[in-house]
Amino acid sequence: MRVKGRIWVGAWLLFGLAIFAWVVWRDTSGFAEAGRLEDLRSRRSILQSRRAELSRRVRQAGSRAILIPRAESLGLRLSADSEIVILQAPIREGR
């Protein structure tokens with residue numbers, strides 16, 4: 001039995017319809033992924049700026065201008081030069 005022309009046309013139309021449906025699905029999922037990617041990029045940017053702000057605050061809090069008054073308010077003082085002892089490791093012979 002030979003396949004008639006209209007069956008071939010119908011088969012090719014179904015095949016084309018399936019291809020077009022696959023392309024639409026792929027584009028739709030691609031657009032959704034692009035939206036999620038843009039959201040992640042904006043979150044990353046926000047987190048990077050927050051990290052930079054926190055790093056700046058840590059550096060500022062560790063500066064002498066902040067630490068010395070805070071230590072003095074706790075009753076601590078800076079050591080004098082005569083109170084500092086520099087220790088040196090002994091030199092081993094034979095190395």
Side-chain angles (χ1 to χ4, degrees):
M1 176 174 133
R2 293 192 59 193
V3 180
K4 294 187 177 183
R6 64 182 145 205
I7 294 176
W8 279 112
V9 170
W12 280 109
L13 285 175
L14 284 176
F15 179 72
L17 183 62
I19 294 296
F20 290 138
W22 175 73
V23 168
V24 168
W25 171 80
R26 185 189 64 178
D27 286 349
T28 303
S29 64
F31 290 139
E33 285 297 318
R36 283 193 288 273
L37 183 62
E38 184 61 32
D39 290 343
L40 288 174
R41 284 181 179 156
S42 66
R43 283 183 56 201
R44 178 179 164 194
S45 176
I46 291 168
L47 289 174
Q48 284 177 339
S49 64
R50 184 171 178 214
R51 180 181 180 187
E53 173 64 20
L54 291 174
S55 295
R56 184 192 64 78
R57 288 176 57 191
V58 165
R59 279 193 310 274
Q60 184 181 15
S63 69
R64 288 179 62 92
I66 301 293
L67 288 179
I68 290 176
R70 190 172 289 171
E72 288 174 347
S73 71
L74 294 173
L76 302 174
R77 63 177 179 81
L78 286 176
S79 60
D81 289 340
S82 61
E83 296 175 323
I84 297 175
V85 177
I86 298 174
L87 301 176
Q88 294 181 352
I91 299 174
R92 292 186 180 177
E93 296 293 327
R95 276 193 153 196

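Computation of the quantities below employed the complete heavy-atom set of this structure, encompassing side-chain atoms and omitting hydrogens, waters and symmetry-equivalent molecules. Computed from a prediction, not measured in an experiment: that's the story for all the values here.
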Listing request: all side chain to side chain donor-acceptor pair (under 3.5 Å) pairs with a residue in residues 78-89, at least two apart in sequence or in separate chains. R77-E83
So the side chain to side chain donor-acceptor pair (under 3.5 Å) pairs with at least one residue in residues 28-46 (sequence neighbours excluded) are E33-R36
Is there a path from W22 to L14 through hydrophobic residues (I, L, V, M, F, W, Y) whose side chains come within less than 4.5 Å of each other? no
Quick one: do L78 and L67 end up in the same hydrophobic cluster if we chain Ile, Leu, Val, Met, Phe, Trp and Tyr together by side-chain heavy atoms under 4.5 Å apart? no
For E53, check side chain to side chain donor-acceptor pair (under 3.5 Å) against everything at least two apart and list the hits. R56
Can V23 be reached from W25 by stepping across I, L, V, M, F, W or Y side chains whose heavy atoms are under 4.5 Å apart? yes
So if you build clusters from Ile, Leu, Val, Met, Phe, Trp, Tyr with side-chain heavy-atom gaps below 4.5 Å, do I19 and W8 land together? yes
